[in-house]
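Below is one structure, written out as structure tokens; comments come after it.
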Amino acid sequence: MSFILNIETATKNCSVSIAKGGETVLCREIAEEGYSHAEKLHVFIEEVIEQSGITVQDLVAIAVSQGPGSYTGLRIGVSAAKGLCYALNIPLIAVNTLQTLASQAEVSDGKIIPMLDARRMEVYSEVFNPDLSVHRAIKAEIIEENSFSEYTEKIYFTGDCAEKCKTVLTKDNFVFLEDVKYPSASAMSKISFEKYQKSDTVDVAYFEPYYLKDFMITAPASKK
């Protein structure tokens, strides 16, 4: 049986699922402002495995969200995934966070643009066709009133940027799917299974998350 453990920690949503043949068997997730990934992730992993009635030996691969997203969240997810792959000697599958978010739109027309908050009016975005093929690659961009104005068909926005972007992106063909806020490990199931079937895996030793922008640490101001 092709059981895959999916781990999604790129955003505030700490999410884990068990999938069989590309179909989600069980998913545990929670989105909290305080980023509880370090406390919740391993608990969720143990729970979905136990409650699915399988053991870790039944897993054929581990899939993890590769980013873009939260630096800390991605590190936690990737570290857990690598540890399991090493221990079980099974492959690691990397899944594009924005593709997962786009897949949750479930539309048949227009374009899907998942956006993740990169602070202020900047977002991480990508443009997908309804079949999830890439129309425009990932980039970090500043959102302003003419953003995406080149698209005349229906545009479906997903992600955690609706609140700050819907007052700027006001064209009639723009639709914000506000119930699709965070990527979920449940939505990774089909994508990770398709990658597994094609042996589309990454090197466990050398794989690093896709941060898109360098992680910056700002030194505190000196006291006079």
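Residues satisfying the side chain to side chain contact (heavy atoms under 4.5 Å, CB included) test with Ala38, not counting sequence neighbours, are Ile76. For the salt bridge (charged side-chain N to carboxylate O under 4.0 Å, His left out) test, no residue two or more places apart in sequence or in another chain qualifies with Lys154. Residues satisfying the side chain to side chain contact (heavy atoms under 4.5 Å, CB included) test with Ser189, not counting sequence neighbours, are Asn6, Ser17, Ala19, Thr24. Ser103 meets the side chain to side chain contact (heavy atoms under 4.5 Å, CB included) test with Leu132, Ala187, Ile191; sequence neighbours excluded. Applying the salt bridge (charged side-chain N to carboxylate O under 4.0 Å, His left out) rule to Lys190 yields no partners; only residues at least two apart in sequence or on another chain are considered. In this structure, Ser199 has no side-chain hydrogen bond (donor to acceptor under 3.5 Å, both in side chains) partners at least two apart in sequence or on a different chain. The salt bridge (charged side-chain N to carboxylate O under 4.0 Å, His left out) check on Asp117 picks up Lys164, with sequence neighbours excluded. Taking Asp179 as the reference, Leu177 meet the side chain to side chain contact (heavy atoms under 4.5 Å, CB included) condition, with sequence neighbours excluded. For Glu141, the salt bridge (charged side-chain N to carboxylate O under 4.0 Å, His left out) test picks out Arg136, with sequence neighbours left out.
Through direct or relayed side-chain contacts under 4.5 Å between Ile, Leu, Val, Met, Phe, Trp and Tyr, Ile142 connects to Ile113, Met115, Met121, Val123, Val127, Ile143, Phe148, Tyr151, Ile155, Phe157, Val168, Leu169, Phe174, Phe176. Residues near Tyr206 contribute nothing to a hydrophobic cluster around it, because no ILVMFWY side-chain heavy atom sits closer than 4.5 Å to its side chain.
Remark: Lys111 engages Glu153 in a salt bridge, criterion side-chain N to carboxylate O under 4.0 Å. Ionic pairing of Glu178 and Lys166 is present here: one or more N-O contacts between side-chain nitrogen and carboxylate oxygen are shorter than 4.0 angstrom.
Residue pairs meeting the salt bridge (charged side-chain N to carboxylate O under 4.0 Å, His left out) criterion with at least one member in residues 60-83, sequence neighbours excluded, are Arg75-Glu208.
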